[in-house]
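One is the number of the first residue; the rest follow in order along the sequence.
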Amino acid sequence: MNQDAHSLTLAEIATRLGAELRGNGAQRVNGLATLRDAGPEHITFLANRAYLKDLADTRAAAVLLHSSHAQSCPVASLTLANPYLGYAELSRLFDPLANRESAGVHPSAVVAEDARLGEGVSVGPQAVIESGVVLGDGVIVGPGCVVGADTRIGADSRLHANVTLYHGVIIGARAILHSGCVIGGDGFGFAHDGKGWHKIAQLGGVVLGDDVEVGSCSSIDRGALGDTLIGDDVKIDSQVQIAHNVQIGEHSALAGCVGIAGSTRVGRHCMLGGGVGLSGHLTICDGVQVTGMSLVTNSIHEPGIYSSGTGAMDNAQWRRNAVRFKQLDDIARRLSRLEKAERGA
């Protein structure tokens, strides 16, 4: 992929990354690409041994990699202890969206008279900033966004197009909210009288910490009474549903289509794989990893990796296993009777 935003020398990149350079530091590159696709104008990286086979044939100007692979590199190299972390920094250096927006309010935007906008704020076309909103320095509000009354957004946060923040939401610094996400919608609260449902007003709010990222079309509901709380540096993928009064600890990551029911608490440094479901009112301790498509119905009090469900298999085998699964209770009872009979003999 060719990126023409600007070019950097290998020496400049090495300094930014704290990497050890082997090669011509004056060589300029203007983009980042894969080992296979890179040309002489690109820098590339090797962070996964699965792609080691592509290293010998790369046409890149330089490769970011671990020192253990430097001798096998046919071009200039930049070595780091953690090449994947270096790749993350590289990606930001060549991000075509970086610093593209200029400060100011588009003429078609609607901004309440009492809203407070910090230095260098950008408000895009058709955006709505309601009464009592506070936008920190350098905040970017994309086209079509709605920022509800009394919401506060910390410095250098970015709302991509068509983000909706309901009233009273608090967003920390350097947050990134992707298109279509909704923060602060009503939690799913209703009381049943035997005939129909009666809505429970959701009186809490939502608080997102610093450096939080929320993917497109994800929803974080406001609390019924207290706030829904998302800790610092939490990363949330697309199409995730977080219900009212959920709490997620710092540095946790949620992959796509995760669903968390109301009042569940997820600890720090947790990872939830794609499609994971957490029932309500659970406690998940720090350092838990739940693999994709797992359903968690009980609290987890010990760190580790947890899974549920079955992996894909041949359909005929799955059907046989499904029949046997229905027989497990009867088999267990029969085994118990046999064990008792054996002990009594």
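- Thr291 and Ser307 are linked by a side-chain donor-acceptor pair at a separation below 3.5 angstrom, with hydrogens and angles left out of the test.
- Formation of a donor-acceptor pair under 3.5 Å by the Thr9 side chain with backbone atoms of Arg28 is not found in this model.
- By the side chain to side chain contact (heavy atoms under 4.5 Å, CB included) test, Phe325 pairs with Leu328, sequence neighbours left out.
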So Asn162 and Thr164, side chain to side chain contact (heavy atoms under 4.5 Å, CB included) or not? Walk me through it.
CA-CA 6 Å; Asn162 298 314; Thr164 300; over 6 Å; no
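- For the residue pair His66 / Ser68, a side-chain donor-acceptor distance below 3.5 Å is found, with atom types taken as modelled.
- From Ile284, atom CD1 reaches atom CG of Asp286 across 11.0 Å, with rounding to the nearest 0.5 Å.
- Here OG of Ser179 is found 7.0 Å from NE2 of His160. Values are rounded to the nearest 0.5 Å.
- The cluster map of Ile, Leu, Val, Met, Phe, Trp and Tyr, joined by side-chain heavy atoms under 4.5 Å apart, puts Leu159 and Val111 in the same cluster.
- At a threshold of 4.5 Å between side-chain heavy atoms, the hydrophobic network of Ile, Leu, Val, Met, Phe, Trp and Tyr places Ile170 and Leu208 in two separate groups.
- Nearest heavy atoms, Gly205 versus Asp227: N-OD1, 2.7 Å.
- Remark: the backbone N or O of Ala103 is not paired with any side-chain donor or acceptor of Ser122 at under 3.5 angstrom.
- Between Ile220 and the options Val212, Val246, Ile236, Leu177, a side-chain contact (heavy atoms from CB on, under 4.5 Å) holds for only Ile236.
- Evaluated for a side-chain contact (heavy atoms from CB on, under 4.5 Å) with Leu165, the options Ile171, Val146, Val206 yield exactly one hit, Ile171.
- Counting heavy atoms from C-beta outward, Asp233 and Asp210 have side chains that stay 4.5 Å or more apart.
- Between the side chain of Glu302 and the backbone N or O of Ile300, no donor-acceptor pair lies under 3.5 Å.
- With sequence neighbours excluded, the residues that form a ring-ring contact (aromatic ring centres under 6.0 Å, His included) with Tyr87 are Phe45, Tyr84.
- The distance from the CZ atom of Arg265 to the CD1 atom of Ile248 is 12.5 Å, given to the nearest 0.5 Å.
- Smallest separation of non-hydrogen atoms from Thr151 and His167: OG1-C, 3.9 Å.
- The shortest side-chain heavy-atom distance between Thr228 and Gln247 does not fall under the 4.5 Å cut-off.
- The environment of Arg174 atom CZ is dense: over 12 non-hydrogen atoms of other residues, nucleotides or ligands sit within 6.0 angstrom.
- Distance check: Cys285 SG to His301 NE2 gives 8.0 Å after rounding to the nearest 0.5 Å.
- Linking ILVMFWY residues whenever their side-chain heavy atoms come closer than 4.5 Å, directly or via other members, places Leu10 and Leu90 in the same cluster.
- Of the possible donor and acceptor atoms, none in the side chain of Ser238 sits under 3.5 Å from a partner among the backbone N and O of Cys217.
- Cluster partners of Tyr51 are Leu35, Leu46, Leu52, Leu55, Val63, Leu65, Val75, counting Ile, Leu, Val, Met, Phe, Trp and Tyr whose side-chain heavy atoms approach within less than 4.5 Å, directly or via other members.
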Give the table of side-chain donor-acceptor pairs shorter than 3.5 Å for residues 129-144, with sequence neighbours excluded, one pair per line with atom names and distance.
residue : atom : partner : partner atom : Å
Glu130  : OE1  : Ala149  : N            : 3.0
Ser131  : OG   : Asp114  : OD1          : 3.1
Ser131  : OG   : Asp114  : OD2          : 2.7
Asp137  : OD1  : Glu119  : N            : 2.8

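- One distance of note links CD1 of Ile260 with CG of Leu282; it measures 10.0 Å at 0.5 Å rounding.
- Under the 3.5 Å distance criterion, the side-chain polar atoms of Ser108 are matched with a main-chain donor or acceptor of Gln126.
- Within a 6.0 Å radius of CD in Gln317, more than 12 heavy atoms belonging to other residues, nucleotides or ligands are found.
- You'll find the side chain of His244 stays beyond 4.5 Å of the side chain of Arg222, heavy atoms only.
- Between the Ser263 side chain and the His281 main chain, no donor and acceptor come within less than 3.5 Å of each other.
- With hydrogens and angles disregarded, a donor-acceptor distance shorter than 3.5 Å links the side chain of Thr264 to the backbone of Ser279.
- For Asp186, the side-chain hydrogen bond (donor to acceptor under 3.5 Å, both in side chains) partners two or more places apart in sequence, or in a different chain, are Lys199.
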Pair Arg22-Cys73, side chain to side chain contact (heavy atoms under 4.5 Å, CB included): steps then yes or no:
CA-CA 10 Å; Arg22 188 194 70 177; Cys73 184; 4.0 Å; yes
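- Asn321 places a side-chain heavy atom less than 4.5 Å from the side chain of Met313.
- In terms of modelled atom types and a separation under 3.5 Å, the side chain of Asn245 and the main chain of Ala224 share a donor-acceptor contact.
- Hydrophobic clustering of Ile, Leu, Val, Met, Phe, Trp and Tyr side chains at less than 4.5 Å, counting indirect connections, unites Leu21 with Leu80.
- Contact check for Leu64 versus Thr44: no side-chain heavy atoms found under the 4.5 Å cut-off.
- In this structure, the separation between CD on Gln289 and OG on Ser294 is 10.0 Å, given to the nearest 0.5 Å.
- If you chain together hydrophobic residues whose side chains sit under 4.5 Å apart, Tyr306 and Val276 fall into the same group.
- Side-chain contact check for Val121 versus Val123: some heavy-atom pair is nearer than 4.5 Å.
- Side-chain polar atoms of His198 and Asp193 form a donor-acceptor pair below 3.5 angstrom.
- More than 12 heavy atoms of other shown residues, nucleotides or ligands fall within 6.0 angstrom of atom NZ in Lys53.
- Counting non-hydrogen atoms of neighbouring residues, nucleotides and ligands closer than 6.0 angstrom, the CZ atom of Arg59 reaches no more than 12 such neighbours.
- Of the N and O atoms on the side chains of Gln241 and Asp221, at least one donor lies less than 3.5 Å from an acceptor on the other residue.
- Looking at Ile13 and Leu78, their side chains come closer than 4.5 Å, going by heavy atoms from C-beta outward.
- Checking side-chain atoms of Ser336 against main-chain N and O of Ala332 turns up no donor-acceptor pair under 3.5 Å.
- Judged by distance alone, the side chain of Asp314 and the main-chain N or O of Ala316 form a donor-acceptor pair under 3.5 Å.
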Given Thr297 and Leu295, is the side chain to side chain contact (heavy atoms under 4.5 Å, CB included) satisfied, shown in steps?
CA-CA 6 Å; Thr297 57; Leu295 175 62; 3.9 Å; yes
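- Residues Ala109 and Val105 share a closest heavy-atom pair of CB-CG1, 3.9 Å.
- With no hydrogens or angles considered, a side-chain donor-acceptor pair links Glu213 and His178 at under 3.5 Å.
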Could you walk me through whether Arg334 and Arg337 pass the side chain to side chain contact (heavy atoms under 4.5 Å, CB included) test, one step at a time?
CA-CA 5 Å; Arg334 288 161 56 192; Arg337 288 196 296 268; 3.2 Å; yes
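- Asn315 places a side-chain heavy atom less than 4.5 Å from the side chain of Arg319.
- Using a 4.0 Å cut-off between charged side-chain N and carboxylate O, Asp237 and Lys235 make no salt bridge.
- Partners of Glu339 by side chain to side chain contact (heavy atoms under 4.5 Å, CB included), not counting sequence neighbours, listed by chain and number: Leu335, Arg343.
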